[in-house]
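To start, the structure itself, in structure tokens.
Side-chain atoms are counted along with the backbone in the values below, which use heavy atoms only and exclude waters and symmetry mates.
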Amino acid sequence: MSHSNVTGSFQWMKTINKSNILNMIRTYGPISRSEIAKKTKLTPPTITNIVSELIESNLVRESEIGISKGGRKPILLTINAEHSFIIGIDVGGHHVRAIMADLNAEIVVQHRTSLPDNLTNDYLLQALIEVVQTIINKANVSKEKIIGIGVGMHGIVNYQEGIAVFAPNFHLSDVPIKSFLEDVFQLPTYVENDARALALGETWFGHGQGIENVVCVNVGIGIGAGIVINNRLFHGQHNIAGEIGHMIVDINGVECSCGSYGCLQTMAGGRSLRDRVIKEISLGRKTLIVNKVKNDLTKITGALIHECAIEGDALSTEVLKEVGSFLGIGVTNLINLINPTKVIIGGGVSKAENYILEPLSAVVKQRALTPKARETEIVLSKLGDNGTVIGAVTLVLQNVFSPNLEK
């Protein structure tokens with residue numbers, strides 16, 4: 001073997017070991033060097049050398065003294081969370097939301113800007129520049145401390161190239177998000193489908209921690225799923241894995257934003273919730289909603305429907321439960337197809353937990369294939385409103401703590 005090959009192999013192994021040690025400190029810290037040795041099976045000299053490098057670079061710091069099991073008390077290691085910062089962006093149906101977070105995904109500052117109904121590629125890209133620049137200004141953090149930008153974008157995303165291939169709710173195609181932001185800010189940028197970003201965030205910081213096979217369903221204007229199999233995001237051959245909002249549940253149903261008919265999101269997405277209420281009102285149904293919006297039905301939102309359900313409005317309660325049942329059909333199909341350990345529900349519609357989760361679970365308990373599948377754990381996102389932005393931050397963290405060594 002040539003000298004260059006030996007050197008390359010050594011560096012590759014060192015990168016793997018460094019990533020392994022960093023992840024141990026991130027996951028189990030405060031942790032001692034000896035505990036890291038036990039968990040990683042690496043030799044004490046290897047750990048000592050790599051930890052020294054990490055401390056010297058300020059990525060890791062020595063914290064409190066641990067409890068002695070005989071002999072000298074061990075010094076514990078933690079991630080130096082304020083060593084670096086990440087910008088996370090959630091491109092939602094009506095808004096772009098951005099945060100700056102530290103290495104523990106703790107939010108430092110945040111900002112939100114509205115999107116118009118008739119978006120263009122250029123307008124969206126300019127909106128992204130605005131939120132990133134605002135976040136940088138608000139945070140008052142030196143540019144050198146910002147290590148990257150993560151973007152959770154709805155629709156079909158080519159995550160390798162960082163391109164929004166097709167965003168059906170915006171009617172946009174081929175938006176070069178990664179290259180554009182990297183040119184403007186000179187920061188590495190990672191772009192992922194919003195549901196997959198949410199799933200990644202939940203596996204690092206939420207209800208998916210320590211679970212090898214989990215599905216995270218993001219229910220907003222549209223519906224998407226992030227699928228984690230054997231601890232890795234599953235994208236599929238053409239990056240459309242998880243698009244359950246476009247699973248056809250009624251072949252004779254209404255037209256969807258994707259151009260097809262009878263998609264799940266026409267039954268259970270945020271817009272369908274609003275459309276169903278408006279239809280019932282037009283048929284003469286009595287509801288608190290009419291007074292709340294002063295007869296201006298364009299002001300009806302999912303949040304208002306939820307608010308009226310809490311106040312006892314029969315129509316609001318009814319449509320939320322219907323949405324829960326339709327979501328149950330989608331989740332049942334996912335369980336029968338993928339058989340995950342846990343299903344996590346996130347996104348705006350999921351806030352109506354008391355009205356949606358019960359009918360959703362009831363359908364799964366009736367329709368899933370086997371008794372054990374019917375008992376699949378279904379929970380709401382631990383990260384809540386911050387799910388996709390934390391997931392976007394995790395896209396960058398993943399590159400720091402778990403770099404893609406296959407490259």
For Ser257 and His246 the tightest heavy-atom approach is OG-CE1, 4.5 Å
- Item | Within 6.0 angstrom of Arg285 CZ, more than 12 heavy atoms from elsewhere | yes
To the nearest 0.5 Å, atom CD1 of Ile338 lies from atom CZ of Phe234 at 8.0 Å
Exercise for review: Dump the intermediate steps for side chain to side chain contact (heavy atoms under 4.5 Å, CB included) on Ile50 and Leu54, then the final yes or no.
Suggested key: CA-CA 6 Å; Ile50 290 176; Leu54 293 172; 4.0 Å; yes
Interatomic distance, CD1@Ile75 vs CD@Glu62, rounded to 0.5 Å, equals 4.5 Å
inquiry  = Ignoring hydrogens and geometry beyond distance, is a side-chain donor-acceptor pair present between Gln209 and Thr27 at under 3.5 Å?
reply    = no
Applying side chain to side chain contact (heavy atoms under 4.5 Å, CB included) to Ser114 and not counting sequence neighbours gives His95
Nearest heavy-atom approach of Leu103 to Ile147 is CD2-CD1, 4.1 Å
- Do any N or O atoms from the side chain of Asn213 and from the backbone of Asn230 form a donor-acceptor pair under 3.5 angstrom? yes
Distance col, row Arg232:CZ vs Ile229:CD1, nearest 0.5 angstrom, shows 11.5 Å
Looking only at heavy atoms, the pair that brings Ala199 and Leu233 closest together is CB-CD2, 4.2 Å
CE of Met247 to CG of Leu264, rounded to nearest 0.5 Å, is 6.5 Å
Sorted by chain and number, sequence neighbours left out, side chain to side chain contact (heavy atoms under 4.5 Å, CB included) with Thr266 holds for Val254, Cys256, Cys263
> Do Asp102 side-chain atoms and Asn104 backbone N/O form a donor-acceptor pair below 3.5 Å?
Replying inline: yes
Please report, to 0.1 Å, the donor-acceptor pairs under 3.5 Å made by any side chain of residues 324-333, with sequence neighbours excluded.
unit_1 : atom_1 : unit_2 : atom_2 : d
Ser325 : OG     : Lys321 : O      : 3.3
Thr332 : OG1    : Gly328 : O      : 2.6
Asn333 : ND2    : Ile329 : O      : 3.4

Report task. Please answer whether the main-chain N or O of Leu187 pairs with a side-chain N or O of Thr189 as donor and acceptor at a distance below 3.5 Å. Result -> yes
| said: Using a strict threshold of under 4.0 Å (side-chain N to carboxylate O), is an ion pair present between Glu35 and Lys38? | reply: yes
#### Entry: Side-chain touch Asn295/Val290, heavy atoms, less than 4.5 angstrom
yes
Is the closest side-chain heavy-atom distance between Val277 and Leu273 below 4.5 Å?
no
| field | Arg367, CZ atom: more than 12 neighbouring heavy atoms under 6.0 Å | value | no
So, do Val60 and Leu22 sit near enough that their side-chain heavy atoms are less than 4.5 Å apart? yes
Heavy atoms of Tyr261 and Gly259 approach each other most closely as CE1-O, 3.9 Å
* Do Val214 and Pro340 come within less than 4.5 Å of each other through their side chains, counting heavy atoms only? -> no
Residues 199-220 vs ring-ring contact (aromatic ring centres under 6.0 Å, His included), sequence neighbours excluded, gives none
Are the side chain of Arg276 and the backbone of Leu320 linked by a donor-acceptor contact shorter than 3.5 Å?
no
Walk me through whether Leu304 and Glu307 qualify under side chain to side chain contact (heavy atoms under 4.5 Å, CB included). CA-CA 5 Å; Leu304 178 64; Glu307 178 187 317; 4.2 Å; yes
Minimum side-chain heavy-atom gap Leu77-Ile36 below 4.5 Å:
yes
- Message: More than 12 heavy atoms of other residues, nucleotides or ligands under 6.0 Å from CD1 of Ile240: yes or no?
- Response: no
*Should Lys292 and Glu311 be marked as a side chain to side chain contact (heavy atoms under 4.5 Å, CB included) after you check the CA-CA gap, both sets of side-chain angles, and the distance that decides it?*
CA-CA 12 Å; Lys292 296 263 188 183; Glu311 293 179 23; 2.8 Å; yes
Would you list the atom pairs, donor with acceptor, under 3.5 Å between side chains in residues 121-135 and any protein atom, with sequence neighbours excluded?
unit_1 : atom_1 : unit_2 : atom_2 : d
Asn121 : ND2    : Ser173 : O      : 3.0
Gln133 : NE2    : Asn137 : OD1    : 3.2
Thr134 : OG1    : Glu130 : O      : 2.7

On a heavy-atom basis, the closest approach of Ile289 and Cys308 is CG1-SG, 3.7 Å
Backbone N/O of Glu82 and side chain of Lys145: donor-acceptor pair under 3.5 Å:
yes
Minimal heavy-atom distance between Val91 and Phe170, with the atoms involved, is CG1-CE1, 3.7 Å
Does the side chain of His306 pick up a donor-acceptor pair with the side chain of Glu353 at under 3.5 Å? no
| Within-4.5 Å side-chain heavy-atom neighbours: Gln160 and His235 | no
message: Quick one about Thr287 and Asp313 (side-chain donor to acceptor, distance below 3.5 Å, no hydrogens or angles considered), yes or no?
response: yes
Rounded to the nearest 0.5 angstrom, the NE2-CG distance for His154 and Leu172 is 8.0 Å
Legend entry - Under 3.5 Å: donor-acceptor pair, side chain of Lys143, backbone of Phe185: yes
**OP:** Taking only Lys NZ, Arg NE, NH1 and NH2, and the carboxylate oxygens of Asp or Glu, determine whether Lys342 and Glu202 approach each other closer than 4.0 Å.
**Re:** no
Worksheet item: Heavy-atom count around Leu283 CG within 6.0 Å, excluding the residue itself: above 12?
Response: yes
Under 3.5 Å, sequence neighbours excluded: what are the donor-acceptor pairs made by side chains of residues 354-362?
unit_1 : atom_1 : unit_2 : atom_2 : d
Tyr355 : OH     : Ala309 : O      : 3.2
Tyr355 : OH     : Ile310 : N      : 3.4
Ser361 : OG     : Leu357 : O      : 3.0

Where the side chain of Arg97 meets the backbone of Asp90, is there a donor-acceptor pair that is under 3.5 Å apart?
no
Counting N and O atoms only, with roles assigned by atom type, does the side chain of Asn80 sit under 3.5 Å from a partner on the main chain of Leu59, one being a donor and the other an acceptor? no
Worksheet item: For Lys138, does the NZ atom have more than 12 heavy-atom neighbours from other residues, nucleotides or ligands under 6.0 Å away?
Response: yes
Check: Does the pair Thr341 and Glu377 meet the rule for a side chain to side chain contact (heavy atoms under 4.5 Å, CB included), with working shown?
Finding: CA-CA 7 Å; Thr341 304; Glu377 188 177 2; over 6 Å; no
Does any non-hydrogen side-chain atom of Glu375 lie less than 4.5 Å from one of Lys365? yes
Here the gap from Thr203 atom OG1 to Leu198 atom CG, rounded to the nearest 0.5 Å, amounts to 9.5 Å
Discussion item. Around atom CG of Asp183, are there more than 12 heavy atoms from other residues, nucleotides or ligands closer than 6.0 Å?
Written reply: yes
> Do Ile107 and Val393 come within less than 4.5 Å of each other through their side chains, counting heavy atoms only?
Replying inline: no
